[in-house]
Peer 1: 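The structure under discussion is supplied below as structure tokens; questions concerning it will follow.
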Amino acid sequence: MAKALYEKDGRIGRISLNRPDVMNAIDDDLPGELEQAVLQANSDPNVHVIVLSGAGKGFCAGYDLAYYAQSREGDGHQATQKMPWDPMKDYAFMMRNTEAFMSLWRSHIPTISKVHGFAVAGGSDIALCCDFIVMADDAKIGYMPTRVWGCPTTAMWVYRLGPEKAKRMLFTGDTITGVEAEQMGLVIKSTPATDLDEDVDRLAERMAGVPKNQLMMQKLVVNQAIEAMGLKQTQMFATLFDGITRHSPEGLNFKARAEDVGWKQAVSERDLGTFDWTNNRPINSVKGS
């Protein structure tokens, strides 16, 4: 079964992340299939806009932790290597995914991310690579793994929010609603969930009436301004640091905890702040630790 579906709808190319049984979680195949769908849309001279969405209950729940964090030696891809680890092996794997997500940024035609339910962790990486994000009011976006075991490899938070608001999100690992995301300037619009499809289509159709070469020129002008700020270098550091977070003492303790109690409990302890990952023990409160 395809993990990123593509269909042409007039001048709009529609891509859907298609792992609804696991909340469109990212595995080894999804990034490459997403990139191929973006390339397919760009190769069609009659497609002027791409709309990216997620099948099922949400946009994307991030990396498939049941596969990566809870896996043991020999079970699929090892997000954590045996020590001593090879940071360049890890970097090559994660940069492959980063570059696949960034196909949305490099796309010659505008890309719109339509977020319902949630776009969290690696799912927020995907959404933030699009030119626009339109969110349902009650949808959630954030990068919880900054609390332990992750650094957003696309590094788009700072370029979309500025340093202070990016730090507010990355220092806490909080998620925010579509309403809050619009207030912060992270997304172009937040709308009631019942209006999400209509509002996204209205924006896409408005742009679809512009000649494709005109859209391409305007996007290149804006994107080069961001790239001139050092986007590529920032992504290099972020992708390398992502590997370090997973191989730090705290990251290894998180991985071991996920193996012992299951990823759902380990993630809950991470997000609630009820576990001391440095000393590898539960805590009653941050203040009392």
Side-chain angles (χ1 to χ4, degrees), residues 1-6 14-40 50 52-82 85-86 89-105 111 113-130 140-146 148-154 156 235 238-239 242-243 245-247 251 254-255 257-259 262-267 270-271:
M1 182 178 69
K3 298 173 182 180
L5 300 175
Y6 175 76
R14 299 187 185 274
I15 302 173
S16 178
L17 305 178
N18 189 43
R19 301 188 73 214
D21 54 325
V22 289
M23 300 181 288
N24 300 315
I26 301 162
D27 65 0
D28 284 354
D29 301 321
L30 186 144
E33 292 192 24
L34 169 62
E35 183 175 23
Q36 287 304 308
V38 173
L39 292 173
Q40 185 176 351
I50 293 171
L52 175 65
S53 60
K57 296 181 179 180
F59 179 79
C60 179
Y63 280 85
D64 190 340
L65 292 186
Y67 178 62
Y68 289 106
Q70 195 174 333
S71 66
R72 298 176 184 271
E73 192 68 26
D75 296 338
H77 174 74
Q78 292 293 301
T80 304
Q81 300 174 33
K82 287 185 175 180
W85 70 293
D86 182 347
K89 179 180 178 181
D90 188 281
Y91 176 84
F93 170 74
M94 290 306 299
M95 184 53 80
R96 184 200 75 181
N97 288 356
T98 301
E99 289 294 324
F101 300 157
M102 284 294 286
S103 66
L104 295 157
W105 173 264
T111 55
S113 180
K114 178 170 66 174
V115 174
H116 75 292
F118 38 77
V120 293
S124 67
D125 272 330
I126 295 174
L128 291 170
C129 286
C130 288
K140 293 290 188 71
I141 190 169
Y143 203 98
M144 304 89 74
T146 59
V148 71
W149 220 66
C151 178
T153 63
T154 63
M156 294 301 289
Q235 288 182 340
T239 303
D242 183 64
T245 67
R246 284 180 274 107
H247 294 85
F254 176 79
K255 176 70 162 55
R257 183 71 171 167
E259 291 176 355
W263 69 268
K264 288 185 178 180
Q265 181 174 331
V267 167
R270 176 196 70 188
D271 295 350

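Note that these values count all heavy atoms, side chains included, but never hydrogens, waters or copies made by symmetry.
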Peer 1: Using only atom types and a distance under 3.5 Å, with no angle test, would you say the side chain of N97 pairs donor to acceptor with the backbone of A100?
Peer 2: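 Not confirmed, N97 side chain does not pair with A100 backbone.
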Peer 1: How long is the span from the CG atom in L30 to the CG atom in D64, to the nearest 0.5 Å?
Peer 2: 10.0 Å
Peer 1: With rounding to the nearest 0.5 angstrom, report the CZ to CG distance, R96 to D28.
Peer 2: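 If we round to the nearest 0.5 Å, R96:CZ and D28:CG are 6.0 Å apart.
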Peer 1: Locate the shortest heavy-atom distance separating A121 from M144; write the atom from each residue and the value.
Peer 2: N-SD, 4.4 Å
Peer 1: Got a donor-acceptor contact below 3.5 angstrom from the T245 side chain to the G150 backbone?
Peer 2: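 Indeed, once roles are kept as given, a pair shorter than 3.5 Å links the two residues.
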Peer 1: Identify the heavy atoms of G251 and V148 that sit nearest to each other, and give their distance.
Peer 2: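 The pair with the smallest heavy-atom distance is N-CG2, 4.2 Å.
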Peer 1: As a test of understanding, state which of F254, W85, Y91, W149 forms a ring pair (Phe, Tyr, Trp, His ring centres under 6.0 Å) with H247.
Peer 2: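 The option that passes is W85.
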Peer 1: With rounding to the nearest 0.5 Å, note down the distance linking OG1 in T154 to OH in Y143.
Peer 2: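 Atom-to-atom, T154:OG1 and Y143:OH are 8.0 Å apart.
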Peer 1: Can you see which heavy atom on C151 is nearest to which on A238, and at what distance?
Peer 2: SG-O, 3.7 Å
Peer 1: Is the shortest side-chain heavy-atom distance between L128 and F101 below 4.5 Å?
Peer 2: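 Side chain of L128 against side chain of F101, heavy atoms only: no contact under 4.5 Å found.
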Peer 1: Take L52 and V38, measure what side-chain contact (heavy atoms from CB on, under 4.5 Å) needs, and give me the verdict at the end.
Peer 2: CA-CA 9 Å; L52 175 65; V38 173; over 6 Å; no
Peer 1: Are side-chain heavy atoms of P145 and R270 found at a separation under 4.5 Å?
Peer 2: yes
Peer 1: Please report the interatomic distance CD1(I50) to CD(Q40), rounded to the nearest 0.5 Å.
Peer 2: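 Atom-to-atom, I50:CD1 and Q40:CD are 10.0 Å apart.
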Peer 1: A266 and R257: which non-hydrogen atoms are nearest, and at how many Å?
Peer 2: CB-CG, 4.1 Å
Peer 1: Can a donor-acceptor pair be found, under 3.5 Å and without considering hydrogens, that links the side chain of N24 to the backbone of F59?
Peer 2: yes
Peer 1: When you measure from the side chain of R19 to the backbone of K3, do you find a donor-acceptor pair of N or O atoms at a distance under 3.5 Å?
Peer 2: no
Peer 1: Give me the atom names and distance for the closest heavy-atom approach of C60 to I26.
Peer 2: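 It is SG-CG1, 3.9 Å.
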Peer 1: Output the distance between atom NZ (K57) and atom CE (M23), rounded to the nearest 0.5 Å.
Peer 2: 8.5 Å
Peer 1: Tell me if a side-chain donor or acceptor on N18 pairs with a main-chain N or O of A2 at a distance below 3.5 Å.
Peer 2: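 At least one qualifying donor-acceptor pair exists.
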Peer 1: Quick one: does M102's side chain get under 4.5 Å of Q235's, heavy atoms only?
Peer 2: yes
Peer 1: For S124 versus A119, what's the shortest heavy-atom pair and its separation?
Peer 2: CB-O, 3.4 Å
Peer 1: Within the distance-only criterion (no hydrogens, no angle test), does the side chain of T111 pair as donor or acceptor with the backbone N or O of L104 below 3.5 angstrom?
Peer 2: yes
Peer 1: Return the CE to OH distance between M94 and Y63, rounded to the nearest 0.5 Å.
Peer 2: 3.5 Å
Peer 1: Treating Q81 as the side-chain partner and D86 as the backbone partner, does any N or O pair qualify as donor plus acceptor under 3.5 Å?
Peer 2: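 Answer holds: yes.
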